[in-house]
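Worksheet for the structure shown next.
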Amino acid sequence: MEKTYNPSEFETSIYNNWLGKKYFSAKIDKSKKPFTIIMPPPNITSKLHMGHAFQQTIQDIIIRRKRMQGYSALWVPGTDHAALATEYMLCKQLENEGTSKEELGRAEFKKRIDQWYKDYKGTIIEQFKRMGYSCDWDRLSFTMDEGNCNAVRKVFVHLYKKGWIYKGKRIVNWCPKCRSSISDAEVEFKDVPSHLWHIRYQIEGTDKYIEVATTRPETILGDTAVAVNPNDDRYKDVVGKNVVLPLVNKLIPIVADEYVEMDFGTGVVKITPAHDPNDFEVGLRHNLEVVKVIGDDGVMNELAEDYAGLTREEARERIVADLKTAGNLVKIEDYSHNVGHCERCKTVIEPLISSQWFVKMEELAKPAIEVVENGKVRFMDEQYKKTYLNWMKNIKDWCISRQIWSGHDIPIFTCDDCGEVIVEETDPAECPKCHSHNLSQELDKLDTWFSSALWPISTLGYPNDTEELKYFYPTNVMVTAREIINLWVARMIFSGLEYVGEIPFRDIVINGIVKDANGKKMSKTLGNGTDPIEMIDKYGVDALRFSVFDGVAIQSDSRFSEKKVELTRNFINKIWNASRYVLMQVENVEIKDIQSVNLTYADKWILSELNKTIDSVNNKFEKYDIGMAASELKDFFWDKFCDWYIELSKCDIAENKEGTCATLVYVLTQILKMLHPFIPFVTEKIYLELPVHDESIMISAWPEKLDINFDGEVVESVREVIGAIRNIRAEKKVPDNKKINAQVLVKKDCLLDCLKYISKLALINEIPVVDNEESFESNSVKLTFNDIIINLPLDSMVDSGAEKERIEKEIARLKSEIERSERLLSNAGFVAKAPESLINAEKEKLEKHKALLAELTK
RNA sequence: GGGGGUUUAGCUCAGCUGGGAGAGCAUCUGCCUUACAAGCAGGAGGUCAUAGGUUCGAGCCCUAUAACCCCCACCA
């Protein structure tokens, strides 16, 4: 092995080797248990960012461990067509080319979209490979490929025939300039200074008025009611009466609705169902008429009568003036509020009523609520169970149509001649009723989530009844983001239940986000993102992978800093060098089975620590606590294995070469295996250099505990002694290049074998053993432990003045300890109510401290 | 507006069903000890956000307050 860790030399070739050997492909193997993860598909147009590096690596870590544990581990990769986002990007490009989708026409536009998909397909996937992801690439799926189209078609027809798809009205964000509806995500809210116009409406048959406050006086022409809060005492007596709509002179009712806030404005809201989403909802509840007065072009239409032909802005001006003239304008207040703007052309959004397709949710939601309530599907973080149930229980019908040109088609055909509607799994050639060939397909496209909802089943072959579905489904865990719990996770759950009769996954892990070093969300617009590829080039993939997990609770947000990657690279360098050391020691040594060799105290100690670590890491993995598992592995490797065991083993290796070499190789192998899911490349590189190894670490067996109860106690005492001597040395300012003298009195024979450890690690010349304390040199520091007393003569150390001070400090410490214990033990409440084990432990401590104090003060 | 989260050392974060405050980094000190200076050893550093409460005992449980953050819905 090279002297320095240089990841760029081997990462690519190792990955290609894995690919060539087909290690990632999961087979249907009845002798194995399946373990399945379906990757949340990134947008096809995306580039690798820190969020992927975090979220996808979680899955890779889980799947790699399961594979090593002997499961048939399948991780299905894929990408999403993200129709809206992609169409938006392509339209921008067309704009640069001086054309537009309208100019191209639908057919040509579709070609461009398909080409766009092809052009992009590579990038993110290649980057995922660079990350080392062990997905089954042969099963790579795309939400617009043939299988997915079939699934979408089948499901749509199924829902339609059940009567769960219907056409309804809905308010959409309409951009009058783009002449298109746009998604919520494309609406930019900006605070705009404006006014609140207070307008009075006369109550029918009286000379009383009711005063409303509005930011949009021009929509008064479309008002079909005014609303007040049912609990508002000011207006209780007028609910149910009519008011005269100013300018229009039409009678409209006063309705009571919870939506109205009593404290805002006058507590009275004019209701314009055609031009405001909330008003539309109010309208539905009270059966109000819908009057659309603004057209698709943002111009007042014929229903606006006198104002027809004016733009929204012109109409507002005229109407305000006319209201003033009519004496209906009470006052104008300054008011600034959030107004939606089109992200593209910055035009003010006009909420418009339009016809859309909906899926009825009531029946679909029921079983989806049940499986989460009864724990069949588990949110690993309980708080998200609430988010989910809250949404599911108040679910509204799902609007699935989008006014865009790309994405999945809506398979609804209408006969131009007789009006017959045809919804079948294959495109109809003629009208079944009148045999006309003039059929038109619905032009709207499906919401992207419609196909995403089928992802866990479509990737496994649905709508066909495949062997994959039988074997790998339901999948085991879904790792995804907080903000799409309802948009996506929820829809996958009811889809799985409805279409294949089984939950899509058992566990749901909602990962946190990776923020920048200052705790800000990484974003393109802020430009505070870090490019993972840059980190990989600089420090290697393994360093990047490990650094985003070390010490991180994956469900909560974490911070990324390059410094962390650098420190992780240092850790990996440590692994590299420790491995080099082991390989140097075991060169030309036959490595025997760990259970058949002679083991020293140090060997037994590290093996017992390894056992503990295996247990603990497994527990953390089962809870998906992989960040904590990473830290634990790092601590074990660096602190226990390198800083203690390797150093201790240097004392043993000459006399017990066989046993110590076996232990070095055994422990290194096991820890490399446990580290492999996190840092796959370097562990493979080292593993293949080991004297005993399988074909690849990634298909080797996950560590099992040794079935032996090793006693690590002796070495624990030794570590305590060494620590104490190192303290004394530091206090006495003895530099590390100077060895000191010591004498020792040992009360337990086994410790005699461990004196070499103490002398080496505490930098002592030699340690003569004495029979009694009288033989100790007097001008010295005496360290007293349960089974061993060390005497350090001061003449081998430079300074002697600090010693008195040290003893005084120690006496003071012991006295305060004794006082604490005595106080606790004389507390009647404690003795009566605390658990017995705790009381006994406290008594033991008290005795121990008293003995030590007596020793120091005699 | 609704829901959720966070607050522990200078920084980033652990801290299990309540039982003596932890790690890493940074900082300071000493070491190039034949695996590693991308390293080794040691030290200093904390009213556990604030105020109450429950308890023999609270970082942990309860109540209120403050600051910051996230998600959803967006206010005539």
Side-chain angles (χ1 to χ4, degrees), chain A residues 1 3-5 184 189 196-197 212-216 219 226-227 259-261 264-272 276-279 335 337-338 340 381 383-384 386-387 390-391 481-487 512-513 515 517 519-521 539 550-553 555-559 561 563-564 566-585 627-628 631 634-635 638-639 642-643 646-647 650 722-723 726-731 733-739 760-763 817 820-821 824 827-835 837-839 841-842 845:
Chain A
M1 277 169 73
K3 197 176 170 191
T4 310
Y5 166 61
D184 291 348
F189 282 94
L196 260 183
W197 287 272
V212 306
T214 181
T215 53
R216 298 206 57 194
T219 61
V226 296
Y259 155 69
V260 182
E261 281 189 41
F264 190 90
T266 58
V268 187
V269 188
K270 63 193 237 5
I271 301 297
T272 322
D276 182 282
N278 291 307
D279 290 6
Y335 180 67
H337 62 140
N338 257 349
D381 212 334
Q383 53 169 301
Y384 298 121
K386 269 193 235 163
T387 310
N390 192 29
W391 190 77
R482 225 178 332 239
E483 66 269 20
I484 52 177
I485 291 174
N486 296 329
L487 289 175
I513 57 170
K515 302 194 283 193
K520 284 239 162 62
K521 201 169 166 174
Y539 304 101
D550 184 20
V552 162
Q555 74 281 3
S556 51
D557 295 351
S558 59
R559 296 184 185 202
S561 72
K563 181 82 186 163
K564 249 167 120 177
E566 190 194 329
L567 291 169
T568 306
R569 191 271 320 267
N570 294 355
F571 168 54
I572 296 174
N573 186 56
K574 183 80 182 175
I575 298 175
W576 185 266
N577 281 300
S579 303
R580 270 179 57 228
Y581 171 79
V582 171
L583 290 171
M584 284 161 67
Q585 300 310 309
M628 295 301 126
S631 311
K634 181 169 121 179
D635 288 348
W638 205 324
D639 183 49
C642 293
D643 293 344
I646 288 185
E647 295 308 317
K650 287 174 182 172
I722 291 169
R726 282 170 171 175
N727 272 339
I728 300 294
R729 292 181 54 108
E731 269 170 38
K733 310 255 186 261
V734 183
D736 279 357
N737 53 8
K738 181 178 163 67
K739 290 196 173 183
K760 174 152 175 69
L761 272 65
L763 302 167
E817 291 290 350
R820 196 193 66 87
S821 295
L824 252 185
N827 179 335
F830 177 79
V831 179
K833 295 183 182 176
S837 60
L838 201 71
I839 296 172
E842 208 52 51
K845 263 188 253 172

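So you know, we letter chains A, B, ... as the sequences are listed, proteins then strands, and number each from 1.
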message = Could you check whether any side-chain N or O of Asp557(A) sits under 3.5 Å from a backbone N or O of Gly512(A), counting only pairs where one atom can act as donor and the other as acceptor?
response = no
task = Describe the nucleic acid contact of Val260(A) in one word from base, sugar-phosphate, nothing, applying a heavy-atom distance below 4.0 Å.
result = base
task = Tell me what Arg729(A) touches on the nucleic acid: a base, only sugar-phosphate, or nothing, going by heavy atoms under 4.0 Å.
result = nothing
remark   = When rounded to whole Å, the CD1 to C1' distance for the pair Ile484(A) and C71(B) reads 13 Å
query = Has the side chain of Glu842(A) got a donor or acceptor that lies under 3.5 Å from a partner of the other kind on the base of G19(B)?
reply = no
inquiry  = For G5(B) and Lys386(A) - does any side-chain N or O of the residue sit under 4.0 Å from the phosphate oxygens OP1/OP2?
reply    = no
note = Per-nucleotide protein contact along nucleotides 31-46 of chain B, 5' to 3', at a 4.0 Å heavy-atom cut-off (B base, S sugar-phosphate only, - neither), is SS--BB-BSSSSS---
Interatomic distance, Asn827(A) CG vs G20(B) P [rounded to whole Å] = 14 Å
query = Say you draw a straight line from CD1 of Ile722(A) to CG of Leu763(A); how long is it, rounded to the nearest 0.5 Å?
reply = 10.0 Å
ask   = Just how far is it from atom NZ of Lys574(A) to atom CG of Asp643(A), taken to the nearest 0.5 Å?
value = 5.5 Å
inquiry  = Using atom C1' in both nucleotides, what's the gap between A66(B) and A51(B) to the nearest angstrom?
reply    = 11 Å
request  = Dot-bracket for RNA chain B, please, read 5' to 3', with Watson-Crick or G-U wobble pairs under 3.5 Å on both distances, ( ) within the strand, [ ] crossing, | other strand, . unpaired.
outcome  = (((((((..((((.....[..)))).(((((.......))))).....(((((..]....))))))))))))....
ask   = Atom NZ of Lys564(A) to atom C1' of A14(B): distance rounded to whole Å?
value = 12 Å
request  = Over all heavy atoms of both residues, which pair between Ser631(A) and Asp550(A) is shortest? Give the atoms and the distance, please.
outcome  = OG-OD1, 3.2 Å
inquiry  = Let me spell it out: for each of Thr214(A) and Ala834(A), pick the nucleotide of RNA chain B with the closest heavy atom. Which residue's pick is nearer the 5' end?
reply    = Ala834(A)
query = In whole angstroms, how far is the P atom of U6(B) from the CZ atom of Arg559(A)?
reply = 15 Å
message = Taking only the C1' atom of each, what is the distance from G22(B) to C31(B) in whole angstrom?
response = 27 Å
task = May I have the distance from Lys563(A) (atom NZ) to C11(B) (atom C1'), rounded to whole angstrom?
result = 12 Å
message = Just to be sure I understand the rule, does Pro277(A) reach a base, reach only the sugar-phosphate, or reach nothing, if contact means heavy atoms closer than 4.0 Å?
response = nothing
ask   = Going by heavy atoms in the side chains, are Val226(A) and Val269(A) under 4.5 Å from each other?
value = no
U55(B) to C74(B) separation - C1' atoms, rounded to the nearest Å = 46 Å
query = Say you pick atom C1' in G39(B) and the same atom in A58(B); how far apart are they, in whole Å?
reply = 42 Å
task = Would you check if there is a donor-acceptor pair between the side chains of Thr219(A) and Lys270(A) at a distance under 3.5 Å?
result = yes
key: Test item: Arg482(A) and Gln383(A) side chains (from C-beta on) under 4.5 Å apart, heavy atoms   = no
inquiry  = Please report the distance separating the C1' of G24(B) from the corresponding atom of A9(B), rounded so that it comes out in whole Å.
reply    = 12 Å
key: Whole-Å gap separating P (G18(B)) and NZ (Lys833(A))   = 16 Å
request  = Whole angstrom is fine here: how far is it from CG in Leu487(A) over to C1' in C71(B)?
outcome  = 11 Å
inquiry  = So if I take every side-chain heavy atom of Gln383(A) and compare against G5(B), C56(B), C72(B), which nucleotide ends up nearest?
reply    = G5(B)
request  = Quick one: list whatever passes salt bridge (charged side-chain N to carboxylate O under 4.0 Å, His left out) with Lys521(A), sequence neighbours left out.
outcome  = none
query = Quick one: CG on Leu196(A) to OG1 on Thr266(A), what's the gap to the nearest 0.5 Å?
reply = 9.0 Å
inquiry  = Rounding to an integer number of angstrom, what distance separates C71(B) and A26(B) when you compare their C1' atoms?
reply    = 35 Å
request  = Measure up the Trp576(A) and Tyr5(A) rings against each other and bin them: parallel (under 30°), tilted (30 to 60°), perpendicular (over 60°).
outcome  = tilted
Along RNA chain B (nearest heavy atom to each residue), the more 5'-positioned of Asp635(A) and Asn390(A) = Asn390(A)
ask   = In terms of side-chain heavy atoms of Met628(A), which of A76(B), A14(B), G19(B) is nearest?
value = A14(B)
task = Can you tell me the distance, in whole Å, between the CG atom of Leu824(A) and the C1' atom of G19(B)?
result = 8 Å
request  = Take atom P in C13(B) and the same atom in U6(B), then report the distance between them in whole Å.
outcome  = 13 Å
C1' spacing across the pair C68(B) / A49(B), given as an integer number of angstrom = 11 Å
query = Taking the side chain as C-beta and beyond, is there a heavy-atom pair between Met1(A) and Met584(A) under 4.5 Å?
reply = no
